[in-house]
Amino acid sequence: MVTVKFFAQVRELAGAEGVDAPLPHPATVGALREQLMSQSTSFEDALSGNVLMAHNQTLCNGDTEIAVGDEVAFFPPVTGG
Amino acid sequence: MVTVKFFAQVRELAGAEGVDAPLPHPATVGALREQLMSQSTSFEDALSGNVLMAHNQTLCNGDTEIAVGDEVAFFPPVTGG
Amino acid sequence: MFARVQHDDFSQQTLYDELCVNAVPQGAGAIVTFTGLVRDFNAKGGIQGIELEYYPGMTESALDTLLQQATSRFDIVEAGIIHRVGKLANHAQIVWVGTASQHREQAFLAATFIMDTLKQSVPIWKKEWQGNQASWVAAKADDSTAAMRWLQSDKDNTCDNA
Amino acid sequence: MFARVQHDDFSQQTLYDELCVNAVPQGAGAIVTFTGLVRDFNAKGGIQGIELEYYPGMTESALDTLLQQATSRFDIVEAGIIHRVGKLANHAQIVWVGTASQHREQAFLAATFIMDTLKQSVPIWKKEWQGNQASWVAAKADDSTAAMRWLQSDKDNTCDNA
């Protein structure tokens with residue numbers, strides 16, 4: 001399984017702080033995102049649009065490869081400071 | 001009389017924090033400076049070179065007119081901060 | 001260098017003193033601090049406080065990377081960042097940045113750089129309360145991915161090798 | 001706005017709080033402070049403290065004018081300057097500048113401007129102690145009169161009318 005985390009608007013739209021997901025095929029962050037979006041309409045709402053992705057707490061893109069035990073996060077553009 | 005004040009190197013070279021001087025002719029800061037420089041070698045040392053002048057606590061130049069009771073100061077370029 | 005994410009308020013004096021512990025023995029002659037406060041209004045009118053969310057682990061790591069970047073780009077001897085999270089009232093302190101250098105220009109530039117980059121690239125999200133409603137603040141950066149990717153330039157970038 | 005010349009040391013927290021008294025009700029979201037410290041060396045080697053002389057009356061008036069200039073040039077809501085004089089040990093605090101604005105860029109620019117101008121145009125003179133000898137620090141500005149004249153631009157300039 002892969003540990004998935006949601007933050008801010010993405011978390012609220014998803015209705016969850018995170019979820020454990022099976023490794024997608026191909027094993028990439030982009031495929032994981034597609035897999036989650038097909039899982040429920042709230043996940044689809046949460047993950048469409050301008051969403052950033054992090055792999056093991058480092059910003060990444062859809063092509064990034066993932067493995068069992070990894071942590072993947074989805075969140076909106078940042079607004080701190 | 002005019003109240004004359006010296007600061008920093010000018011004060012040390014002059015050997016005095018200030019002096020009361022008669023109104024020079026013409027009644028300008030530049031003429032006052034010349035009058036003081038002719039008064040003693042230490043005043044001459046103090047007031048030659050790159051010395052700034054203030055009239056009633058506002059920076060001025062040699063042409064600035066002065067009157068009895070005014071305050072004139074001579075000091076080197078500033079180095080605070 | 002020090003970077004912390006915390007809910008509790010911070011003391012200006014304590015953080016200044018903490019910065020000086022390392023800065024002064026290294027010949028610092030210039031200390032610059034920046035403090036961000038919660039403003040009591042936005043474009044739509046008055047607000048009643050904000051709420052900040054973060055990504056435990058990634059946020060701290062982004063702040064550490066940001067300090068390393070600032071140190072390599074500018075001639076500074078010490079720097080620190082404190083960012084609060086959770087619910088904060090109007091006028092509360094949100095963020096503190098301190099930089100120390102032998103020369104004031106570098107301390108000013110480094111502090112400006114840290115704040116500019118922090119706002120674009122550290123995983124923290126802000127909500128503003130108006131009445132009983134809280135709205136997420138919209139990001140300003142047009143290309144937020146590009147803004148954040150900057151933070152990775154010093155790191156072993158496993159993502160781009162994929 | 002506040003400007004003071006004093007021998008006594010100052011507290012970061014007290015000055016920050018003093019700045020905020022007026023800044024916060026005016027919507028300040030950004031506070032920048034600069035602190036200058038006595039460095040323990042110069043080009044010739046180690047030093048043992050400094051000594052600062054000023055022109056009572058004119059120095060305070062120059063600081064006030066500087067704050068007015070900063071306020072008219074930059075979008076700031078509050079600013080303050082404290083400058084110490086007399087004998088100061090290595091690492092002691094010399095000068096503090098604080099600025100407050102709705103936007104951080106203006107606070108940074110105003111603080112930078114105040115420090116740059118202060119060093120060129122406020123009547124304060126510095127000696128450095130090396131052993132038993134104290135030497136006056138040489139001014140950096142090539143044309144100090146021009147640098148200082150800038151301070152007069154907002155005032156009724158009796159000198160230039162002579």
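Convention: sequence-line order gives letters A, B, ...; per-chain numbering from 1. Everything numeric here is computed off the predicted structure, so don't read it as measured data.
For the set Val95(D), Asp116(D), Ile94(D), Val38(D), the entry with the most heavy-atom pairs within less than 4.5 Å of chain C is Asp116(D).
Atom OG of Ser11(D) and atom CD of Gln12(C) lie 10.0 Å apart (nearest 0.5 Å). From Thr112(C), atom OG1 reaches atom CG of Leu109(D) across 7.5 Å, with rounding to the nearest 0.5 Å.
Counting heavy-atom neighbours within 6.0 Å of Glu51(D) CD, excluding the residue itself, gives a total above 12.
Contact of Thr99(C) with chain D is not made at all, since no heavy-atom distance falls under 4.5 Å. No part of Thr14(D) comes within reach of chain C, as not one of its non-hydrogen atoms sits under 4.5 angstrom from that chain. When heavy atoms are compared at a cutoff of 4.5 Å, Phe34(C) approaches chain D by way of both its backbone and its side chain. Only the side chain of Arg39(C) has a heavy atom closer than 4.5 Å to any heavy atom of chain D. For Asp17(D), no part lies under 4.5 angstrom from a heavy atom of chain C. Only the side chain of Gln93(D) comes within less than 4.5 Å of a heavy atom of chain C; its backbone N, CA, C and O stay farther away. Residue Ala111(D) touches chain C through both its backbone and its side chain, counting heavy-atom pairs closer than 4.5 Å. Heavy atoms of Ala107(C) lying under 4.5 Å from chain D are absent altogether.
Aromatic pair Phe108(D)/Phe108(C): ring centres not closer than 6.0 Å.
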